[in-house]
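The sequence lines fix the lettering, A, B, ..., with proteins before strands; numbering per chain opens at 1.
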There are 8 protein chains.
Amino acid sequence: MLNEVVISRAIIKKFMDELLEFVEVDVAIAGAGPAGLEAAYFLAKKKVKVAVFERKLSVGGGMWGGGMMFNKIVIQEEGKRILDEIGIRMEKYQEGYYTADSVEAVTGLSFRALQAGAKVFNLMDIEDVIIREDKLSGFVLNWSAVNIAKLHIDPLSINCKIAVDATGHTSEIAKVVQRKSGAKLCTPTGAIIGEKPMWAEVGERIIVENTKEIYPNLYVTGMAANAVFGGPRMGPIFGGMLLSGEKVAKMILEKL
Amino acid sequence: MLNEVVISRAIIKKFMDELLEFVEVDVAIAGAGPAGLEAAYFLAKKKVKVAVFERKLSVGGGMWGGGMMFNKIVIQEEGKRILDEIGIRMEKYQEGYYTADSVEAVTGLSFRALQAGAKVFNLMDIEDVIIREDKLSGFVLNWSAVNIAKLHIDPLSINCKIAVDATGHTSEIAKVVQRKSGAKLCTPTGAIIGEKPMWAEVGERIIVENTKEIYPNLYVTGMAANAVFGGPRMGPIFGGMLLSGEKVAKMILEKL
Amino acid sequence: MLNEVVISRAIIKKFMDELLEFVEVDVAIAGAGPAGLEAAYFLAKKKVKVAVFERKLSVGGGMWGGGMMFNKIVIQEEGKRILDEIGIRMEKYQEGYYTADSVEAVTGLSFRALQAGAKVFNLMDIEDVIIREDKLSGFVLNWSAVNIAKLHIDPLSINCKIAVDATGHTSEIAKVVQRKSGAKLCTPTGAIIGEKPMWAEVGERIIVENTKEIYPNLYVTGMAANAVFGGPRMGPIFGGMLLSGEKVAKMILEKL
Amino acid sequence: MLNEVVISRAIIKKFMDELLEFVEVDVAIAGAGPAGLEAAYFLAKKKVKVAVFERKLSVGGGMWGGGMMFNKIVIQEEGKRILDEIGIRMEKYQEGYYTADSVEAVTGLSFRALQAGAKVFNLMDIEDVIIREDKLSGFVLNWSAVNIAKLHIDPLSINCKIAVDATGHTSEIAKVVQRKSGAKLCTPTGAIIGEKPMWAEVGERIIVENTKEIYPNLYVTGMAANAVFGGPRMGPIFGGMLLSGEKVAKMILEKL
Amino acid sequence: MLNEVVISRAIIKKFMDELLEFVEVDVAIAGAGPAGLEAAYFLAKKKVKVAVFERKLSVGGGMWGGGMMFNKIVIQEEGKRILDEIGIRMEKYQEGYYTADSVEAVTGLSFRALQAGAKVFNLMDIEDVIIREDKLSGFVLNWSAVNIAKLHIDPLSINCKIAVDATGHTSEIAKVVQRKSGAKLCTPTGAIIGEKPMWAEVGERIIVENTKEIYPNLYVTGMAANAVFGGPRMGPIFGGMLLSGEKVAKMILEKL
Amino acid sequence: MLNEVVISRAIIKKFMDELLEFVEVDVAIAGAGPAGLEAAYFLAKKKVKVAVFERKLSVGGGMWGGGMMFNKIVIQEEGKRILDEIGIRMEKYQEGYYTADSVEAVTGLSFRALQAGAKVFNLMDIEDVIIREDKLSGFVLNWSAVNIAKLHIDPLSINCKIAVDATGHTSEIAKVVQRKSGAKLCTPTGAIIGEKPMWAEVGERIIVENTKEIYPNLYVTGMAANAVFGGPRMGPIFGGMLLSGEKVAKMILEKL
Amino acid sequence: MLNEVVISRAIIKKFMDELLEFVEVDVAIAGAGPAGLEAAYFLAKKKVKVAVFERKLSVGGGMWGGGMMFNKIVIQEEGKRILDEIGIRMEKYQEGYYTADSVEAVTGLSFRALQAGAKVFNLMDIEDVIIREDKLSGFVLNWSAVNIAKLHIDPLSINCKIAVDATGHTSEIAKVVQRKSGAKLCTPTGAIIGEKPMWAEVGERIIVENTKEIYPNLYVTGMAANAVFGGPRMGPIFGGMLLSGEKVAKMILEKL
Amino acid sequence: MLNEVVISRAIIKKFMDELLEFVEVDVAIAGAGPAGLEAAYFLAKKKVKVAVFERKLSVGGGMWGGGMMFNKIVIQEEGKRILDEIGIRMEKYQEGYYTADSVEAVTGLSFRALQAGAKVFNLMDIEDVIIREDKLSGFVLNWSAVNIAKLHIDPLSINCKIAVDATGHTSEIAKVVQRKSGAKLCTPTGAIIGEKPMWAEVGERIIVENTKEIYPNLYVTGMAANAVFGGPRMGPIFGGMLLSGEKVAKMILEKL
């Protein structure tokens with residue numbers, strides 16, 4: 001016989017135990033878009049304790065809608081390997097161009113990351129960062145519903161050894177660090193350079209190059225990497241994003 | 001070398017071919033929540049041509065947020081079999097109560113359904129239905145962005161042999177049929193009865209009973225079934241929903 | 001040395017333990033206005049396990065603003081005793097009319113209730129009720145921020161032996177019971193009658209009379225009592241409200 | 001016998017074929033106001049493959065409402081020739097001033113442009129530009145409904161040999177190029193100068209002078225030309241705008 | 001030399017003379033969608049004094065966006081004759097189905113109607129009707145901007161011999177007459193019956209049958225006719241609408 | 001017998017004749033607050049052709065609400081003479097301080113100005129200015145409802161010999177001139193200095209000093225004068241404002 | 001020397017004395033439109049203690065904007081006498097039709113009413129009524145800003161011997177009495193009948209007939225009278241409204 | 001017998017007398033958060049005439065919601081003494097960390113402050129400051145409802161010997177002084193430095209250090225102190241805030 005109170009207790013207890021457990025993690029990733037999820041997937045496979053914080057109810061960011069709501073995405077040759085590993089079906093459009101279903105891609109990627117052991121906390125905003133001895137050491141969190149509802153409520157904090165900004169072209173964590181710490185970021189100008197006009201070819205290549213540590217213990221990946229280093233905007237192509245997520249995970253593994 | 005125009009062409013072409021293909025389907029499902037996805041999964045496994053139409057950018061409905069944003073869900077004993085088949089990890093809370101991660105559950109279910117061959121069209125509203133010879137024979141679709149933006153733009157239509165209302169407690173397809181056809185629905189009152197107060201135990205049991213054909217060629221499943229037949233509201237428990245999705249798929253298979 | 005992670009853990013742990021504890025209570029009160037707080041105060045003094053659920057960030061309802069934002073309230077002779085016990089300062093305006101500072105009154109009342117042992121859960125909406133064997137046996141809760149942000153997220157539930165509708169003139173719990181249960185309420189018409197025009201004198205007297213059990217295990221108090229039984233609206237006078245809160249507490253004590 | 005599915009197929013097929021065809025054009029015009037439409041009309045007459053992208057549901061921009069909603073427009077002597085060719089009726093108000101019905105003018109101009117072979121894509125925003133080898137070579141498009149609905153969805157791109165900014169006083173394409181390319185525009189200051197106070201006489205004359213190539217392969221016309229070069233604002237007079245549209249078309253013809 | 005004050009005077013004078021002239025018309029049409037424009041075109045060709053009042057800045061209603069923003073429309077065999085007369089280009093999709101560009105169709109139709117002598121007043125709401133001796137004899141107008149801005153400003157009135165409700169499926173004039181006059185409309189039920197589910201075939205045929213006088217001197221045409229008489233909804237097909245507009249014009253010509 | 005069409009004609013005709021007449025005025029005043037109305041009153045008494053343009057439905061600006069909605073205003077000794085002339089009743093509060101009813105003051109002042117011959121055009125925004133030979137020579141007008149409704153509609157223009165900025169602390173005309181002309185204003189800094197903190201005593205004195213010509217043919221009066229010259233903010237006291245309005249009128253009279 | 005604190009004290013003191021004084025009045029009028037102001041003017045001339053409560057910042061209701069923002073109004077022959085007494089200038093348009101400036105009319109009428117001794121409380125909503133022994137005996141007031149800001153704040157009350165509903169076509173006081181008292185109103189149906197379509201001639205005549213006591217001690221005047229008794233809507237003509245205001249004042253004078 | 005008019009009079013009279021009394025105070029505190037309330041409590045205990053102005057309906061600021069809506073707060077060792085004095089119950093979490101109920105803390109603190117003699121004016125915005133001889137000498141107030149409702153209404157002023165900015169991290173009073181006076185603040189940079197990233201340990205210590213006079217007669221306390229001096233953000237810990245409130249009170253006592 002089902003009992004509402006037992007259901008409530010089960011959910012409160014399990015969530016809270018997990019929340020208490022993830023108050024200290026190895027890697028904290030801001031944003032559950034393709035790059036963030038791929039990084040989480042790779043790290044979790046290697047038994048790293050990793051939490052992804054996502055503002056929205058659902059994960060996946062801009063991947064769901066394909067291009068102009070036509071829910072297909074394009075993957076170039078180099079990125080195909082990653083989707084193959086996850087098991088996403090692809091069709092060849094012409095030499096070097098594969099298409100996949102955007103909904104299949106986003107749900108598959110997320111499912112694999114979670115099953116590998118990553119934890120996603122959805123519905124949470126990152127309001128601020130924690131910096132100790134000029135190193136990023138944590139995120140300051142709140143329910144995004146609190147901010148949507150314009151309520152005045154204090155946040156809570158979590159600690160991490162490494163933080164990843166996978167928030168897309170807004171590069172929100174990099175912005176907070178730049179505004180609040182006053183320190184220079186590890187970019188040619190010492191500051192966030194900003195996204196350039198669309199150029200798929202260059203964007204796909206350079207997004208992997210731009211995947212770097214931009215402040216002690218803070219890495220950028222995905223469109224946030226291009227935004228921080230002045231790389232170009234890209235369309236509904238996701239190979240470079242996934243390669244960037246993979247690269248950031250590998251860099252972190254070496255450092256940890 | 002990547003080319004934006006090729007990317008655009010690839011996406012337009014693939015989407016359009018698929019859209020033209022799915023203008024006529026065996027089964028059209030309204031709503032990509034847990035019951036709709038499970039039904040799509042089951043039908044697609046049996047090689048039925050099935051399309052799911054979802055208003056939002058993402059699938060999964062109310063399943064992402066667990067209970068009160070604590071992102072865990074509860075599954076009772078009977079429902080465990082379905083999540084086991086999909087491969088969702090569960091933990092036993094106490095006898096008869098299992099918990100799962102809500103994000104893992106929703107992405108896993110969706111991923112399996114798509115890989116089995118179901119097609120999800122996200123970002124689409126169902127504005128109206130097509131009725132021929134007193135049978136439901138199609139959906140009238142529009143981009144949900146058109147309605148959010150309050151634009152005055154005509155819809156397009158698709159045909160189906162069977163339609164499923166998996167829109168949750170709003171039971172939107174049942175409402176449209178009731179309002180527009182003037183016909184009686186196959187319920188004790190001939191009309192939509194409406195959701196009753198929360199009662200997890202009864203709700204879980206009766207949701208499967210309420211999974212029925214309510215108008216020629218229109219079935220209800222999930223919370224829409226409880227809403228149409230006056231079943232109780234349920235909390236963040238999903239066993240009954242998945243069983244309802246499975247049942248509706250079996251009923252449709254027999255009829256096709 | 002202060003540590004953010006310890007602060008986070010302390011708050012999560014203490015809140016969750018309390019939430020788990022209050023998933024089953026003796027008395028659940030909807031609304032932390034004057035009548036609800038007075039009832040909670042009286043019951044808690046008698047060692048009853050009582051939780052008050054309040055939608056807003058702050059308690060106190062309409063009491064903060066006095067009349068037309070002039071932050072004073074009026075207490076008539078009979079109500080003076082209750083404020084005296086709490087320790088609110090009053091000034092005599094003329095025979096039978098005392099004024100008090102509205103901010104002092106609302107904070108004093110709330111402070112005393114909490115110190116007596118009542119628990120207030122602010123920021124929570126009551127979305128639905130639980131009815132078993134034609135008796136009210138629980139509330140279905142969600143964060144009010146979830147509803148303000150229009151997020152689709154499932155609620156959780158709590159059980160209680162007795163429930164109190166202290167939601168003011170909207171009498172929200174009575175409305176949910178009336179709409180969802182289909183049962184008759186214990187009023188002359190069997191339904192919610194609705195508030196009548198302002199009449200301070202009658203309102204103050206009759207609000208205590210209207211403080212009753214309106215459905216098995218559901219009591220109304222304060223302006224909800226007048227709204228349910230067709231009593232008149234009242235102005236910034238609070239004696240009758242407090243007496244109604246006291247009365248409902250006494251009735252519950254007898255029944256428990 | 002009419003069939004909804006055939007109607008859907010007809011529309012999807014015709015639109016998509018056209019969209020695939022216009023993914024590469026000779027001339028892409030941003031904005032279907034009077035200058036953009038006149039340029040499209042002139043180019044299409046010369047068999048140039050031209051597409052106009054318009055954010056709104058309807059074409060015509062500020063021309064529909066005349067002055068202060070009094071739906072008449074004024075044409076000076078020089079502009080009369082163009083409206084005569086299109087067949088718009090005009091009345092002489094006094095020497096050098098003709099009035100026309102604003103609704104007739106906008107619909108006539110658009111109708112002629114389309115019949116001459118121009119294609120208008122309404123409901124599309126230009127989110128970004130494509131720059132290759134320091135030349136403008138394409139537009140990055142999205143449904144404007146996507147942006148109104150604040151959905152996070154990727155755009156698609158089209159290629160063009162020549163682009164025209166006919167977006168009016170906001171000169172949006174010029175702004176994107178200035179912000180994103182970091183390059184200097186071909187203006188006295190190297191940047192967008194901004195609209196000056198209203199001066200009909202000067203505005204009408206100078207708008208034609210300001211109709212220029214401001215960045216390799218990007219031309220400005222209409223109010224965008226005045227805004228970029230610091231020309232004055234103009235009222236409900238449209239001769240200069242149409243002459244500017246004609247001039248830009250002639251310049252492009254020479255270059256192609 | 002252009003002078004702002006002369007421009008202002010020209011526009012004010014021409015508009016006002018026209019407004020004063022059209023304060024009394026033969027036929028007043030509410031709504032500048034396809035049916036209203038076709039009716040205006042036909043009547044104006046016959047030298048009837050006709051004014052069309054349109055709430056929006058632009059004419060054309062739902063015709064601009066094709067189906068689901070794919071800007072193509074379908075015309076069946078019977079409707080082809082009307083677009084041929086106007087000069088809209090059509091392509092045959094299959095037997096009995098022609099496609100046209102939606103932007104070309106709407107601007108062409110409007111342009112022809114205006115050139116034939118119809119007057120369109122855009123930006124005006126019809127707030128009320130004038131009824132004398134149980135006959136509709138005028139419209140009560142206001143700027144729609146006044147209503148959008150929620151300003152409290154009185155309307156003005158115009159007189160007509162015949163009025164046409166071409167407001168689409170909302171059938172606003174019929175609604176005002178029904179609500180305000182208390183009289184029965186000339187429908188089977190004496191009231192507005194409301195739109196039925198989509199059925200292109202039946203809708204196209206019956207919309208012409210439903211084109212009738214529903215109250216002395218008030219005719220319905222286009223989707224308003226189907227809405228008033230319970231005809232089905234239709235998609236992006238416009239043959240029946242245009243035939244309905246033509247029919248209402250012929251009926252009015254006989255009556256005048 | 002009253003006839004709606006005659007009423008419509010009467011209003012259209014009278015308004016349009018007046019609008020055509022006031023397309024050229026001696027003095028155009030932006031803003032119908034106390035300073036603008038007093039200036040209009042004084043000038044009209046001297047037979048100057050003066051028009052006041054007011055954005056809102058009603059005149060009077062911030063004068064209606066007294067202080068904090070307590071609808072009384074204070075007049076100091078020097079300002080009393082002006083209200084006496086208009087016939088506003090005042091009560092002495094203490095030496096040098098008189099109170100008046102704010103509603104009486106605003107309606108009396110406006111009534112006198114209109115009866116003296118000033119014309120108020122309410123509901124009109126000033127979107128831009130006309131500058132010829134480095135002199136302000138006109139206003140560019142639109143219905144404010146057009147802007148509230150965010151409609152894209154062109155403005156009309158009026159000419160004047162002298163313009164007055166009486167728009168209050170936003171000093172909107174001064175801002176437009178500064179932004180658009182690029183010229184220096186006749187202030188110590190050459191630019192708008194901005195309002196300083198409240199100082200009633202200084203404000204009342206200096207507002208009259210600040211009443212000046214700030215650009216050829218453009219005067220500031222009332223709070224706009226203090227905002228432009230860095231004078232202090234003032235409370236619900238209106239003597240200085242009225243004296244400023246009187247002074248600007250006298251200066252203009254000398255210049256005309 | 002001016003002192004802010006003295007200014008604050010003066011305004012607080014004067015307003016409060018007046019508010020305390022007007023807590024009990026002979027006549028309380030809801031709505032400061034033309035009918036309410038005329039009634040207040042007439043009664044105040046006769047030394048009756050009268051207060052007008054107006055929701056908006058400014059008085060005058062729909063009179064400011066003339067017809068369609070053309071700020072002129074029409075007065076028929078019978079109403080001319082009243083505007084003549086107030087001193088509003090009128091021009092003859094044709095036999096029986098006079099025009100006046102709408103701004104002059106509204107400010108003149110208000111100014112005269114206040115000077116005659118009426119008190120206007122602007123910015124106040126009437127939330128409820130006070131009924132004693134089946135007679136209307138007071139209004140329940142709140143700041144309208146409180147309601148716009150959706151604050152939960154209690155109202156205050158005032159007593160009156162006679163109340164007047166001059167709230168226009170919404171007839172808000174009549175609605176509150178009907179909804180809250182449950183009593184029949186003195187109309188043919190016992191209820192509010194509602195406004196009929198526009199008919200200037202009948203409206204002007206019948207508005208005076210409809211000016212009546214509709215509930216003990218509650219009178220209706222102006223458009224509220226037509227709305228309650230099913231009289232027709234009227235345009236920007238104000239003779240009948242003023243005569244209605246005069247009539248209600250005379251009826252009240254006889255009764256007091 | 002209760003009488004509405006007596007209730008109205010009692011509230012108006014008591015509030016207005018108090019408002020007149022507090023038009024001149026010793027200390028005016030902006031913001032009724034924890035630091036402001038503690039300062040008011042301490043000063044009132046010492047018989048200082050102190051008024052707190054709070055924008056919201058309720059006092060307490062960000063203290064109500066604990067961390068992430070989990071309504072518990074943390075107090076470190078040093079702050080425990082203050083809550084002990086007020087009588088707030090605390091539980092030890094671990095060495096140096098105590099938790100308290102957030103609702104109990106905020107209501108207890110406010111209640112004690114009011115009983116000690118402080119006056120809270122809730123619902124009031126501080127729009128501006130009064131500066132005389134380069135010293136802060138008063139606040140310029142308005143109802144916050146006026147600003148929410150976007151009404152144009154003048155403020156009133158109060159005088160004080162000392163002002164306190166306790167507005168939290170927005171440090172609104174400091175901002176007004178900086179923007180309007182043009183003077184340097186007593187900070188290392190002469191300006192507001194702005195909040196730094198979260199650091200509980202440093203924040204708690206430094207907030208007391210930052211509690212200073214930043215402009216003659218203007219002190220900062222609580223998060224406003226950290227924001228002005230560039231101290232770090234803090235989470236749901238309140239010891240330092242209360243110590244800052246106590247310190248500012250002591251500094252003021254010495255100065256008065």
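- How far CD1 of A/Ile131 is from NZ of A/Lys180: 9.5 Å, rounded to the nearest 0.5 Å.
- Only the side chain of C/Ile148 comes within contact range of chain A, with heavy atoms under 4.5 Å apart.
- The 12-atom threshold is not exceeded at NZ of A/Lys161, counting heavy atoms of other residues, nucleotides or ligands nearer than 6.0 Å.
- Interatomic distance, A/Leu123 CG to C/Trp143 CH2, rounded to the nearest 0.5 Å: 12.5 Å.
- For the options C/Lys150, C/His152, C/Glu24, heavy-atom pairs under 4.5 Å to chain A are most numerous at C/Glu24.
- For A/Leu141, no part lies under 4.5 angstrom from a heavy atom of chain C.
- Using a 4.0 Å cut-off between a side-chain N of Lys or Arg and a carboxylate O of Asp or Glu, A/Lys119 and A/Glu21 do not qualify as a salt bridge.
- For C/Ile158, the part lying near chain A is the backbone, with the side chain staying farther off; criterion is any non-hydrogen pair under 4.5 Å.
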